[in-house]
Structures are given as structure tokens and as C-alpha cells.
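Structure first, then comments.
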Amino acid sequence: MSKSSTIAPGPAAAQVPGQGGKSTPPAAAPRLVRQRRRRPGLIALSVALIAAGGLSGAVLYAASGQRSAVVVVSRDVPVGSLIAKEDLAQASIALDPAVKSVKASQTDTLIGQRAAVDLRAGNLLSPAQVTKETLVGPGDQVVGVSVKPSQLPATKLTPGQRVLIVSTPDPDAAAAETPAQPGAPKTLAATVIEVGAPAVGTGNIVVDVALPAKSGPDLAARVATGNVAVIMDAQGGS
């Protein structure tokens, strides 16, 4: 005796007419898509910020690319020295507006002025580094002091320095006189105006100095004997 059983279709199975009794799963219900609310004010603000950023970048790029023709130092110039045409050169560089410089068109006005500070080759020249003031004051005289290298300090003298011109003993006169208690040497205070180049053969150097007119003739007489030396004043030395 045989037993037969029939499996009843479950609730999830459904007969679809016309497909041979095959069952298909139920179709999923469509999802509702929530539409985002547009905010015109926020969009306008974003566009404005993007435009402002682009404009700022363009301005900075243009400013960084703008170059100016300015004056630079082509060779070292000691403080107090006269500025010559060969001491200066021109360069085209991009500068921050806060940087003080001298325009290349003003180069000729600098010739003959003095360096207010030590000027170094390759540096940008600023207006405060030059001066029209002269080292020869009212009532001063300029005397050239010719001395041997041994009568000068090893430190290079520069215009504007204060020095003492000291009278040194005359060896011939000292040998003829009776030895006596030596007194303080005679000195004259002066200001260096210019330092010449060593003379060929002797190596003597002429130092132009300025001092009061009443002392000018006395210094010239001492220099003529050759018995003088130049001492750098500590208060005016470098």
C-alpha cells in the first residue's frame, strides 16, 4: 500500500499564470526618494568665495611677477668714502613694497655722495646708506700726511675716522742734544678724509685729514720733517 503526500505551496510562493506553474518572489516595493531642498543663498555665497579666491590669487601672482629696476652695490665702499659710478650697478628684481630701495633712474644723483655705512658688493642700496654731508666742517683745513707703512696702524683707515697725528723724535737732533727727561709728544686731533694708494717704490701713503684751520700750518710743518705717526683714536675707530 503506497502513501502519497502533496506539499502545499507556502505563502511566499505564488503561481504566475502563463509560466508553467513556476513561482516568482514578490516584487519589492518602490523606495521613495526624498528631494533635497535647494538653498539659493548658500549657493551664491559659495560662488562668491570661489570668485574672491581666484581674484586674490591673480593679484598675488601679478604682484610677485612685477619687477623694478633698482640700484645695487657693485663693489665694496668703506663708510665715509665718496661713491663713484663704478661702485654702483642696476638690477631688475621683485620687491616687497616695505623694502626701501633707490630707483635705477636716480643712479646719477648718488655719484659724489658719501657712504653712510659700509657698502658691500651685491647688496641692495637703500636711501639711508648714502649721505650728502661732507667730512670737512666749517673752518677746517685739509692737510695731506705722507707716512711710511710703519707709521700707520695695521687696521685700515677709513674716511670719517678720528686719528691723532703724533710728532716723533728726530734721530739726528736727539743724538746731538744732551739726554733729558722726555716729555709728552705733541699731538693733533684730526678726521680722516681720504686714504691714498701706496706709492710705487717707497710704499708711502698719503692720508688726507681735516682739522681746525689754526692747527693746519703747524701740522703741515711737522709732516714736512717726516717725523710724524698716525694713531687711531679709540673713540672713532672701527
Side-chain angles (χ1 to χ4, degrees), residues 48-146 152-163 189-200 205-213 216 230 232-233 235-238:
L49 291 175
I50 294 174
L55 180 61
S56 300
V59 171
L60 291 175
Y61 178 80
S64 63
Q66 186 175 2
R67 307 177 75 85
S68 302
V70 295
V71 178
V72 295
V73 182
S74 59
R75 62 183 183 182
D76 291 348
V77 181
V79 58
S81 299
L82 292 174
I83 298 175
K85 185 177 181 180
E86 295 76 18
D87 299 329
L88 306 175
Q90 298 180 9
S92 178
I93 57 178
L95 287 178
D96 188 283
V99 177
K100 303 299 182 182
S101 61
V102 180
K103 296 181 179 179
S105 58
Q106 300 175 331
T107 302
D108 292 341
T109 64
L110 302 173
I111 308 303
Q113 296 192 43
R114 293 188 180 274
V117 297
D118 287 331
L119 304 180
R120 301 301 181 190
N123 288 354
L124 180 70
L125 185 68
S126 68
Q129 292 178 325
V130 297
T131 179
K132 294 182 179 179
E133 295 183 3
T134 177
L135 297 178
V136 183
D140 285 353
Q141 290 183 341
V142 178
V143 178
V145 181
S146 178
L152 285 171
T155 302
K156 183 179 179 180
L157 297 177
T158 58
Q161 279 186 313
R162 296 288 296 174
V163 295
T191 301
V192 177
I193 302 300
E194 196 68 42
V195 180
V200 179
I205 299 174
V206 176
V207 181
D208 288 347
V209 297
L211 70 169
V230 178
M232 184 184 297
D233 190 348
Q235 296 181 350
S238 58

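For reference, positions follow the sequence shown, starting with 1.
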Can you tell me how far CG of Leu125 sits from CG of Leu110, rounded to the nearest 0.5 angstrom?
6.0 Å

If only atom types and distance count, is the side chain of Arg75 paired as donor or acceptor with the main-chain N or O of Ala121 below 3.5 Å?
no

For Asp208 versus Gly144, what's the shortest heavy-atom pair and its separation?
OD1-CA, 3.5 Å

Keeping the roles fixed (side chain from Ser74, backbone from Asp87), state whether a donor-acceptor pair exists under 3.5 Å.
yes

Determine, stepwise, if the pair Val102 / Leu88 fulfils side chain to side chain contact (heavy atoms under 4.5 Å, CB included).
CA-CA 11 Å; Val102 180; Leu88 306 175; over 6 Å; no

Of the options Val70, Val71, Val73, which is the one that meets Leu124 in a side chain to side chain contact (heavy atoms under 4.5 Å, CB included)?
Val70

What heavy-atom pair brings Ala116 and Ala128 nearest, and what distance separates the two atoms?
CB-O, 3.8 Å

Applying side chain to side chain donor-acceptor pair (under 3.5 Å), can you list everything that pairs with Thr191, at least two apart in sequence or on another chain?
Arg162

Between CG of Leu157 and CD1 of Ile193, what distance do you get to the nearest 0.5 Å?
12.0 Å

Partners passing side chain to side chain donor-acceptor pair (under 3.5 Å) against Asp140 (at least two apart in sequence or in another chain):
none

Can you tell which of Val77, Asn123, Val79, Asp76 makes a side chain to side chain contact (heavy atoms under 4.5 Å, CB included) with Asp118?
Val79

For Val192 and Leu135, the nearest pair of non-hydrogen atoms, with its separation, is O-CD1, 3.7 Å

On a heavy-atom basis, which atom in Ser92 and which in Arg67 lie closest, and how many Å separate them?
O-NH2, 2.9 Å

Rounded to the nearest 0.5 Å, what's the gap from CD on Gln113 to CD on Gln129? Could you check?
12.5 Å

Closest heavy-atom pair and its distance - Pro159, Arg114:
CB-NH1, 4.5 Å

At their closest point, which heavy atom of Thr158 faces which heavy atom of Pro78, and how far apart are they?
CG2-CB, 3.9 Å

Side-chain contact test, heavy atoms from C-beta onward, threshold under 4.5 Å: evaluate it for Ile83 versus Leu119 and give yes or no.
yes

Answer yes or no: is there a side-chain heavy-atom contact under 4.5 Å between Leu152 and Val207?
yes

